[in-house]
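Each chain gets a letter, A, B and so on, in the order its sequence line appears, and its residues count up from 1.
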Amino acid sequence: MKKLLISFALAALSATAAQAADAARGKEIFMKVGCYQCHGTVGQGANTGPKLAPEPLALESFVAFVRNAAATQMPAFSANMVSDAEMADIHAYLSSIKPPPAFKDIPLLNNP
Amino acid sequence: MGKSEAGVNRRKFLTAAAASSAAAVAAPQATSEANAAPLPTHALPPSAAQMEAEIGEPQLIPAAVTSAGPGARPGSDFMVDVLRALDIDYVATNPASSCRGLHESINSYAMNKKPELLTATHEEIATAMAHGYAKVSNRPMGLLFHGTVGIQHATMAFYNAWADRAPMLVMSGNHMDAAHRPPGVPTTHAAQDPLALIRDFTKWDDQPQSLQACAEAMMRAHKIAMTPPYGPVAISLDAHLQEGFTDASLKIPKLTRVSPPSADIEALKEVARMLVGAQNPVIVVDRGARSHRFQPLLVELAELLGAPVVDQMGRQNFPSHHPLNGTDRARGTIGAADVILGLELADFWGVVNSYSDVAEPKQGRRLKDSVKLVSINSRDVFMKANYQDFQRFQDVDLAIAADAEASLPGLIEMVKSAITPEFRSAADKRKTTFGAAGIKQRERLLSVDATYGWDASPISSARLSAELWAVIKEHDWALVSRDVRLSNWPHRIWKFEKPWQFIGDSGGAGQGYGLGAAVGAALAHREHKRLVVNIQGDGDMMYGPGGIWTAAHHNIPLLTIMHNNRAYHQEVMHVQRVGNWRDRGVGRASIGTTIENPHINFAMMAKSMGVEGIGPIGDPKDLGPALRRAVQIAKAGEPVLVDVLTQPR
């Protein structure tokens, strides 16, 4: 868990580093360009796409994946569809998503 | 000449009787009292008025509706007797004048008991009801429709039933005789071959020309529907047959018990040898469970072999939490196999090969050539051309054309006698190792994956499934919808153990199945007082929302949870995918695919049809209390709907 938190912090750092990345704008873009369709509105993941948040990949790997996804089950988004600045916003949004409640604090999942 | 059994023939009889009585007048002496054939007491010579009606000016009223002599009874009363002999409890209908004879007989001869009529607001809903009902009760429901417009409405639902192997007896009305049928609408609704439209995706159909032939056709239809592979069958009932009259001399054939096609013993021996010779035998199953007998048999076989089971979830085939359930690990489990036993698979090709839906589709065999493949499939016994639900051709090492459920006891015996002590200990080890990995994986799913988006609004699939489980698990419950569109969370969280807890999906993937099938399934569950849960897509709901009314009208308890993602979401993703391939279309995948502006208020919709509607609920905190209330209503014997604003998947 600790490890996860650290990588989350690092990811947040790299997002902050991206110039003027804006989480609120990122959320809008995430919805508009359709990332939510397969990954869920808070990037929680589904059988259509893995979870993206919290702790998204580091910005560079994140963008690289999206640009080159054509080889995978995900359709690629070129810079023509989502610019680098917009990708940084999306990344800022995903980085701003708080971790979910701890498993031990969710009785419904502990006691199925 | 005895009294005819149908109006059409009755007309002939009346004409002939008139001719012979005219002859009698012309030559009275030629006929002695002694050798004059006595007239049947129930077929008195026609009255002058009847004669006039029959041989005078052409009448708009068909001959069949003229009243019968004493002792005769309506042809459609006889049809009711046949339905009773078939042990049909329910006939779902959307009323149709070409069926009015049989409809009236069910009302006033059967007194709406055995069979009882179920009123549906669309033939597609009625057919989906029969589909869901059959999968729970293992019995066919009757359907009563117009032969043309009704059948046309119901076609897609027949296709679903065909693809999903659900038995049902379709009865459709028709006015065959152009010279006697009413003009106008009834003629527009008549056809020479009304069932041609659905012949490609029904197992059999007929259009009998007499009541005797009708009894035989319905018996044959039932037998064909209930012989694996199950499927829908259809009989076109001529309106003159329904509305004409019959004497008592007709015979109803007895209900034939069917022994399903079962595997040849030598073939089973060979399969047993292959399985016992394997290092990693794997069982893949789709529509295995025809009845409640299947699941315990599959458990026994899997445990004997220590073979993981990948359940493609066409039915309740295998307990979701069994240590050998490898459904959530299908890829790896199948990838590790050296022998695969496929039971009632709709698509064996898809098990062996991969296909990537990318700009330039990639496909190819994903398993090593050395992997041995065995199939037991009743579809091999009966298949039709045209509609491609038979899927890509997969070559296998041994294809056994037989019903899997009927063949499992024999296979189990053969495996038992082939097993060696070494295999036994290897099988037990496999079971332990596979089971332990399964527990780990499940723990991860719950402790990590399910928590993501836990507090999100719209509500996550994992949250919805966990909240539902908390309120149903103490009851005798059944899920009557597929959960793949909820990312399979119900199957990950709920414990599916009882053979009636799941019935698979539509088969043909035609929209408009969900609610109707759920209502039909809930009807079959009703006598067992089960808590029946339907997780209902919003797009699918809008094809046949009238099912809500039918549930209310017939007091069918059913808990419907709207999986309201406000879209035909599969299509949103499809359009997005193609847009990406073409490097365009940002923000336009929603055009023509979403169900927003305005949002549909499903709770209000339910209320408008006499069903308690709760919601819409978008805040996960409100979900638990709403579900608890809804369960109370369903347990009190009523349908209820909770509208939940959900994540897409």
Side-chain angles (χ1 to χ4, degrees), chain A residues 1 4 27-56 66-83 86-87 90 94 97-112, chain B residues 321 356-360 362 442-443 445-458 460-463 465-470 473 484-489 492-495 565 567 569-570 572-573 575-581 583-590 593 624 647-649:
Chain A
M1 191 63 203
L4 288 180
K27 183 178 182 179
E28 266 172 42
I29 301 165
F30 188 83
M31 296 300 292
K32 182 178 157 225
V33 306
C35 315
Y36 85 93
Q37 296 165 10
C38 306
H39 295 286
T41 64
V42 292
Q44 77 274 17
N47 58 0
T48 44
K51 75 103 190 162
L52 302 178
E55 308 118 27
V66 171
R67 298 277 184 249
N68 300 298
T72 76
Q73 287 299 308
M74 170 171 151
F77 288 77
S78 71
N80 184 32
M81 292 183 78
V82 190
S83 70
E86 287 173 320
M87 284 301 298
I90 289 175
L94 295 171
I97 291 170
K98 291 195 187 62
F103 171 59
K104 65 173 174 40
D105 297 330
I106 309 178
L108 286 181
L109 292 177
N110 277 269
N111 210 1
Chain B
H321 286 47
S356 303
D357 190 17
V358 292
E360 286 168 37
K362 290 192 210 90
R442 200 174 293 281
E443 270 171 14
L445 281 170
L446 291 186
S447 65
V448 182
D449 297 23
T451 66
Y452 295 135
W454 186 253
D455 294 321
S457 174
S460 80
S461 296
R463 176 82 184 249
S465 306
E467 296 276 2
L468 261 169
W469 180 234
K473 64 181 175 185
V484 63
R485 287 166 290 269
L486 283 182
S487 296
N488 294 328
W489 278 109
R492 291 165 166 178
I493 297 176
W494 310 6
K495 289 197 177 75
N565 61 14
H569 190 73
Q570 196 68 31
V572 179
M573 293 184 293
V575 175
Q576 182 71 54
R577 195 172 279 280
V578 176
N580 283 47
W581 296 344
D583 199 20
R584 66 184 182 189
V586 167
R588 286 193 289 277
S590 60
T593 55
Q647 291 284 328
R649 284 287 183 265

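- Without hydrogens or angle criteria, B/Asp455 side chain to A/Pro100 main chain gives no donor-acceptor distance under 3.5 Å.
- The contact between A/Ala71 and chain B is made entirely by backbone atoms, counting heavy-atom distances below 4.5 Å.
- Proximity to chain A (any heavy atom under 4.5 Å) is shown, for B/Glu360, by neither the backbone nor the side chain.
- Contacts between B/Ala450 and chain A at a heavy-atom distance below 4.5 Å involve backbone atoms as well as side-chain atoms.
- If you measure heavy-atom distances from A/Ile106 to chain B, the contacts under 4.5 Å come from the side chain alone.
- In this structure, the side chains of B/Met573 and B/Thr593 stay at 4.5 Å or more apart for every pair of heavy atoms.
- Annotation: side chain of A/Tyr36 is in contact with side chain of B/Pro648 (closest heavy-atom distance under 4.5 Å).
- The parts of A/Lys32 that come within reach of chain B are both its backbone and its side chain, each placing non-hydrogen atoms under 4.5 angstrom from that chain.
- No other option in A/Pro101, A/Gly45, A/Ala70 has as many heavy-atom pairs under 4.5 Å with chain B as A/Pro101.
- A side-chain N or O of B/Arg649 and one of B/Gln570 form a donor-acceptor pair less than 3.5 Å apart.
- Side-chain contact check for B/Arg485 versus B/His569: every heavy-atom pair is 4.5 Å or farther apart.
- No more than 12 heavy atoms of other residues, nucleotides or ligands shown are found within 6.0 angstrom of NZ on A/Lys27.
- Contact annotation for B/Arg588: neither backbone nor side-chain heavy atoms come within less than 4.5 Å of a heavy atom of chain A.
- Between chain A and the residues B/Asp583, B/Val572, B/Leu446, B/Asp357, the largest count of heavy-atom pairs under 4.5 Å involves B/Asp583.
- Side-chain atoms of B/Gln647 come within 3.5 Å of backbone atoms of A/Thr41 as a donor-acceptor pair (strictly under, hydrogens ignored).
- Interface summary for chain B: among A/Ile29, A/Asn80, A/Val42, the most heavy-atom pairs under 4.5 angstrom belong to A/Asn80.
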List the steps and the verdict of side-chain contact (heavy atoms from CB on, under 4.5 Å) for B/Trp454 and A/Asp105. CA-CA 11 Å; B/Trp454 186 253; A/Asp105 297 330; over 6 Å; no

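- The contact between B/Val484 and chain A is made by backbone and side chain atoms together, counting heavy-atom distances below 4.5 Å.
- Only the backbone of A/Ala53 comes within contact range of chain B, with heavy atoms under 4.5 Å apart.
- Highest contact tally toward chain B, considering only A/Ala69, A/Ser78, A/Gly49, is held by A/Ser78 [criterion: heavy-atom pairs under 4.5 Å].
- At a 4.5 Å heavy-atom cutoff, B/Ser461 makes no contact with chain A through either its backbone or its side chain.
- At least one side-chain heavy atom of A/His39 sits under 4.5 Å from a side-chain heavy atom of A/Met74.
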